[in-house]
Enquirer: 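Okay, handing you the structure first.
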There are 2 protein chains.
Amino acid sequence: MRRMTARPANAHQARLLRLLRDGGPNSRAQLGDQVDLSRSKLAVEVDRLLETGLVVADGLAASRGGRRSHNIRLAPGLRFLGVDIGATSVDVAVTNAELEVLGHINQPMDVREGPVAVFEQVLAMAAKLKASGLAEGFDGAGIGVPGPVRFPEGVPVAPPIMPGWDGFPVREAISQDLGCPVMVDNDVNLMAMGEQHAGVARSVGDFLCVKIGTGIGCGIVVGGEVYRGVTGSAGDIGHIQVEPDGRPCACGNKGCLEAYFSGAALARDAEDAVGQGLLQELADRLDTAGKLSAVDVAAAAAAGDATAIDLIRAGGNRTGQVIAGLVSFFNPGLVVIGGGVTGLGHTLLAAIRTQVYRQSLPLATGNLPIVLGELGPTAGVIGGARLISDHLFSPA
Amino acid sequence: MRRMTARPANAHQARLLRLLRDGGPNSRAQLGDQVDLSRSKLAVEVDRLLETGLVVADGLAASRGGRRSHNIRLAPGLRFLGVDIGATSVDVAVTNAELEVLGHINQPMDVREGPVAVFEQVLAMAAKLKASGLAEGFDGAGIGVPGPVRFPEGVPVAPPIMPGWDGFPVREAISQDLGCPVMVDNDVNLMAMGEQHAGVARSVGDFLCVKIGTGIGCGIVVGGEVYRGVTGSAGDIGHIQVEPDGRPCACGNKGCLEAYFSGAALARDAEDAVGQGLLQELADRLDTAGKLSAVDVAAAAAAGDATAIDLIRAGGNRTGQVIAGLVSFFNPGLVVIGGGVTGLGHTLLAAIRTQVYRQSLPLATGNLPIVLGELGPTAGVIGGARLISDHLFSPA
DNA sequence: ATGACTTTCTCCAGTCACAGGACAAAGGGG
DNA sequence: CCCCTTTGTCCTGTGACTGGAGAAAGTCAT
């Protein structure tokens, strides 16, 4: 099925579509206040958008002391698909044109099985959402992958944790399978866009979004736009060296941040601690393979275990050390901490804050909030929907 | 004397002025090729610019097989003043509208004497340039100061090495004294703009410009525009911690990069080395106060002294360690090394390169040139001229 | 109910920006 | 001397846009 054949014909229409997306239904008069166009011109552009079917006028709003206004809203049938591919699980969600999540599925998965297997699963999940009646079809999809992406082409490049993905034409392939436009980006960038659109980063122009999960990455937003760097690898802070000649890292170097703190490193440290007789309450959580996960550590810390709290604090200190440097360098207006280990909560945040406030310049930290993301696992999928809507709501 | 009363009336005119600034004299036809406007519209805008006196038509170019074209160029009498205030010296230069340096003076100075004394000296230097016949007056001035600046107002904020400058209304005061528009920025940002306009960074959109002088700073260029951060302190990498619990730094923290490598730190290390019986050939260069400078170390290294080379290499390693992190984070297309210690030359560059290429991600370093700035002390003043011309060559 | 006042939206005419073609000017080459 | 190329100017038509004059549809006080 072919959907949303129309695209905005000019920058004004694109602007209006985004206003309706971000601000919800609006009257012509309210739109006019935000757009610096004469009422006449605005009416013309709105009429054209109505003709294309991208927006609809449904019903009258309550009077505000005068003639009642017509409600202009984005077509209620528009549906975007947000896909967030992690290292060990996938999130797939449908949103409407205002990027509200209508349905959300999360399933375990292993990226190392390669793109073909992963996207088979993703497409099945999308089909499930469609079958549940949330969408008759998709007008666009935004996909996040856990590694660098050559953004214009939508192709992962040299992804360390995703062997077999290098050069796989994700955008082209999924666009064919799904029959709609697709955009691909790094998962961290999607998280940043999600928090920017619907989370803690609303109304902040320049901010950093640090995602700590299986790996560590950082979304960089400059002037409201995601900055991706010249080869799409900007924000890859997991392999910044924090300890000269330190622990070996999977990347081949030594002393990388990720070798000290990430979901994987934390689990490994916890297993070691159990082996040394510490962290006894975690011993019974060991699975058959003798493995623990970051979630177990979070639970132990929440239960007040001192060793677990120490592990989290040590990792937070390392991470805070790196973030402190980035704050001095980038001077952001906000730092968002998110990703899988957000469950470690306040202990982690406190450690990071301590390091940053102590090490960074007073001028850079003076008015700098460091907060946890507020969207959790939906940040990525909302970011995906935002990514593709940004693309579709721009002049053809 | 009032000069350059006119400003471009619209974005087209601004665009044309910048093309003439960056590309030199041009015919209407050549301009038309670069600007995506019809010949008629272009002719109208050029005529209007001619009326204002901002550009002039002088003479005919050689024929290229048809009618000879008129040379359109920026008014030859336009003069910009570039001022680069360092910690221990000032550079002042006059440029024409194409930002070519017509005259350049450098004088020793001490920022700590405060803004009033410093600007008295700067104004005297400007007067000297004027008296030498290079300018009848100035159409604008761009000023760089060695500390963070609240850019829109042109006011230094909380400058660590410039007590007495905090809040001094540089832009307003100098604008009055000079009788022309003034813009103020961090000196590092000016260096970046200089190298971007006339140096190694031409045609690079995203790059970093590391200036190592009395302190260490980094200019950040994103999409061709200088990024200043939310409080104007972006790029302040001198106080990133490179050694937990390391050497005390003037900023009050410990282990800052500047405590290990900068003009001041290098001189101190050299003095220590002399005290320990090393670096004997430098002993006779000690001044009456028993002091050395970075220049002395550079000379010793050039003469082949192993200790001097080791000092430079050690500093380069520390700096490279920090830059490696920034490269992973920012994924630039180029890294420029400049500032006073550029005299340390290849030894320094090699150390930095080694660290970056070894520590940063292959994807980020794959095609990453790390080079010395090519403008030396003129980078800052050209950047100043560029800063003010960007401002003047934008719609009023 | 009635009139005064608001707010929203539409219609219309006039202005400005701009493109594109015709044409003039000025040169080169066979 | 004729034809071609390049550059620059002029002119006209089209579409974008503004601002004002209403019309439509409501609230509120009297």
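Values below: every heavy atom of this structure, side chains too, minus hydrogens, waters and symmetry copies. Below, read A as the first sequence line, B as the second, and so on, with proteins coming before strands; counting in each chain starts at 1.
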Enquirer: Select base, sugar-phosphate, or nothing to describe what A/S63 touches, counting heavy atoms under 4.0 Å on all strands.
Expert: sugar-phosphate
Enquirer: When the distance from NZ of A/K41 to P of C/dC11 is rounded to whole Å, what number comes out?
Expert: 16 Å
Enquirer: Could you tell me the separation between the CZ atom of A/R39 and the P atom of C/dT7, rounded to a whole number of Å?
Expert: 12 Å
Enquirer: Rounded to whole Å, please give me the gap between CG in B/D33 and P in D/dG8.
Expert: 11 Å
Enquirer: Mark yes when over 12 heavy atoms from residues, nucleotides or ligands other than A/Q34 sit less than 6.0 Å from its CD; otherwise mark no.
Expert: yes
Enquirer: Run the ring-ring contact (aromatic ring centres under 6.0 Å, His included) test against A/F151 and tell me which residues pass, sequence neighbours left out.
Expert: none
Enquirer: What salt bridge (Lys or Arg N to Asp or Glu O under 4.0 Å) pairs are there with at least one residue in residues 197-209 of chain B, not counting sequence neighbours?
Expert: B/R202-B/E374
Enquirer: On DNA chain C, nearest-nucleotide positions of B/H12 versus B/L60: which is more 5'?
Expert: B/H12
Enquirer: Which part of the nucleic acid, if any, lies within reach of A/S40 when heavy atoms closer than 4.0 Å are counted: base, sugar-phosphate only, or nothing?
Expert: base
Enquirer: If I compare all heavy atoms of B/L178 with all of B/L81, which pair ends up nearest, and what's the gap?
Expert: CD2-CD2, 3.7 Å
Enquirer: Can you find a donor-acceptor pair, distance only, under 3.5 Å between B/R67 side chain and D/dT7 base?
Expert: yes
Enquirer: Please state how far atom CG in A/L31 lies from atom P in C/dT8, giving the value in whole angstrom units.
Expert: 12 Å
